[in-house]
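Worksheet: one structure, shown below.
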Amino acid sequence: MGILPGLLLTATLGVIALFLALPLRVELRADSAGAPRLTAALRPFGRVGPRIALKRRPATREKADKPRAETKRRRGRWQADPVRIGRAALDALADILRAVRIDAADLNLSFGLGDPAETGALYGRMTPLIHAISASPRYRIRVEPVFDHAMLSGRAELDFSFVPARILWPVARFGWVAFGPAR
């Protein structure tokens, strides 16, 4: 191996190690004013990396005259165990959520159920939760009940970050527990 390929390999492995060890920030925005819209962006290397907007590609339709490919049956003795997969997924989700840090959350919501009594009752049940969460400066929740008519509109923003290396272990454990050898 020459010096140049060795340097390229070392540099590539260094960038991968940095990517796995430094925080990845995710910015999500949802808005229901007019047509509902969801935008997402990534910031590798925490707040110092470039903002990479994630865009949804428009769905393409397959041609109707194209025949469908037949699915081949797989041979083997492995059978999916939904209970085992479900338990492993819940454990992995709990571990992943422990690795996520919510930097900021903002919710602006206007709702109405059509009946003023039902709207007021629901708003009364939500009020303790709204004020408990809003006590933190990182979270802002504003809910406005509309007693005149039924409606639901709002805007939500969520910024969170995580270290990708901390998520590798829960994902690997999920794969082993859900699809590995039975005990």
Side-chain angles (χ1 to χ4, degrees), residues 8-32 36-64 66-107 109 125-126 128-130 132-133 136 138-141 152 154-183:
L8 288 175
L9 179 63
T10 304
T12 303
L13 291 175
V15 169
I16 291 172
L18 275 175
F19 178 76
L20 290 175
L22 294 176
L24 176 67
R25 185 170 179 194
V26 180
E27 300 170 351
L28 299 174
R29 309 281 182 262
D31 192 1
S32 70
R37 226 174 29 145
L38 175 68
T39 58
L42 296 176
R43 283 188 178 241
F45 311 119
R47 295 178 186 249
V48 296
R51 186 174 190 275
I52 302 168
L54 302 176
K55 296 182 181 180
R56 193 179 117 205
R57 294 181 183 175
T60 58
R61 293 185 169 210
E62 292 184 22
K63 295 181 181 178
K66 188 177 182 181
R68 288 186 156 187
E70 293 183 23
T71 58
K72 294 182 181 179
R73 292 186 180 202
R74 294 176 58 185
R75 293 184 184 188
R77 296 175 33 206
W78 185 79
Q79 293 283 330
D81 182 7
V83 173
R84 184 174 153 186
I85 293 172
R87 286 181 183 161
L90 288 176
D91 289 343
L93 182 64
D95 290 343
I96 289 171
L97 288 177
R98 280 188 214 106
V100 172
R101 179 181 187 270
I102 297 177
D103 299 319
D106 188 10
L107 175 68
L109 179 69
R125 289 186 188 110
M126 291 172 29
L129 181 65
I130 293 168
I133 293 174
S136 172
R138 292 188 300 182
Y139 310 120
R140 290 186 307 219
I141 297 178
L152 178 64
R155 180 182 55 80
E157 296 180 6
L158 178 64
D159 294 342
F160 63 93
S161 59
F162 62 93
V163 177
R166 290 188 62 194
I167 293 184
L168 292 177
W169 176 248
V171 170
R173 192 174 66 206
F174 165 74
W176 181 258
V177 171
F179 305 110
R183 296 180 195 195

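All figures in this text were calculated on a predicted structure; none of them were measured in a lab. Nothing fancy with the numbering, it's 1 onward along the sequence.
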Spacing of Ile96 atom CD1 and Trp169 atom CH2 [to the nearest 0.5 Å]: 13.5 Å
For the CZ atom of Arg43 and the CZ atom of Arg51, what is their distance to the nearest 0.5 Å? 6.5 Å
May I ask you to decide if Ala105's main-chain N or O and Arg138's side chain share a donor-acceptor pair within less than 3.5 Å? no
Quick check: closest heavy atoms across Tyr139 and Ile102, and the distance to 0.1 Å? CE2-CG2, 3.5 Å
Please report the interatomic distance CG(Asp31) to CZ(Arg37), rounded to the nearest 0.5 Å. 6.0 Å
Which atom of Ala92 lies closest to which atom of Pro170, heavy atoms considered: CB-O, 4.0 Å
For the side-chain contact (heavy atoms from CB on, under 4.5 Å) test, which of Val83, Ile85, Leu90 pairs with Arg87? Val83
Should Leu20 and Leu168 be marked as a side chain to side chain contact (heavy atoms under 4.5 Å, CB included) after you check the CA-CA gap, both sets of side-chain angles, and the distance that decides it? CA-CA 9 Å; Leu20 290 175; Leu168 292 177; 4.3 Å; yes
Nearest non-hydrogen partners of Arg84 and Gly180, listed with the distance: NH2-O, 2.6 Å
Between Ala88 and Val177, the two heavy atoms sitting closest are CB-CG1, 3.7 Å
Taking the side chain as C-beta and beyond, is there a heavy-atom pair between Glu27 and Thr39 under 4.5 Å? no
Least distance between heavy atoms, Ala99 atom then Phe162 atom: O-CB, 3.7 Å
Phe174 and Leu93, any side-chain heavy atoms less than 4.5 Å apart: no
Quick one, Leu152 and Ser32 - any side-chain contact, counting heavy atoms below 4.5 Å? no
Please report the interatomic distance CG(Leu42) to CG(Leu24), rounded to the nearest 0.5 Å. 5.5 Å
Residue Arg166 excluded, over 12 heavy atoms near CZ under 6.0 Å: no
Can you tell me how far apart CG (Leu18) and CG (Leu13) are? Round to the nearest 0.5 Å. 11.5 Å
Which atom pair, heavy atoms only, marks the closest approach of Leu28 to Asp159? N-OD1, 4.2 Å
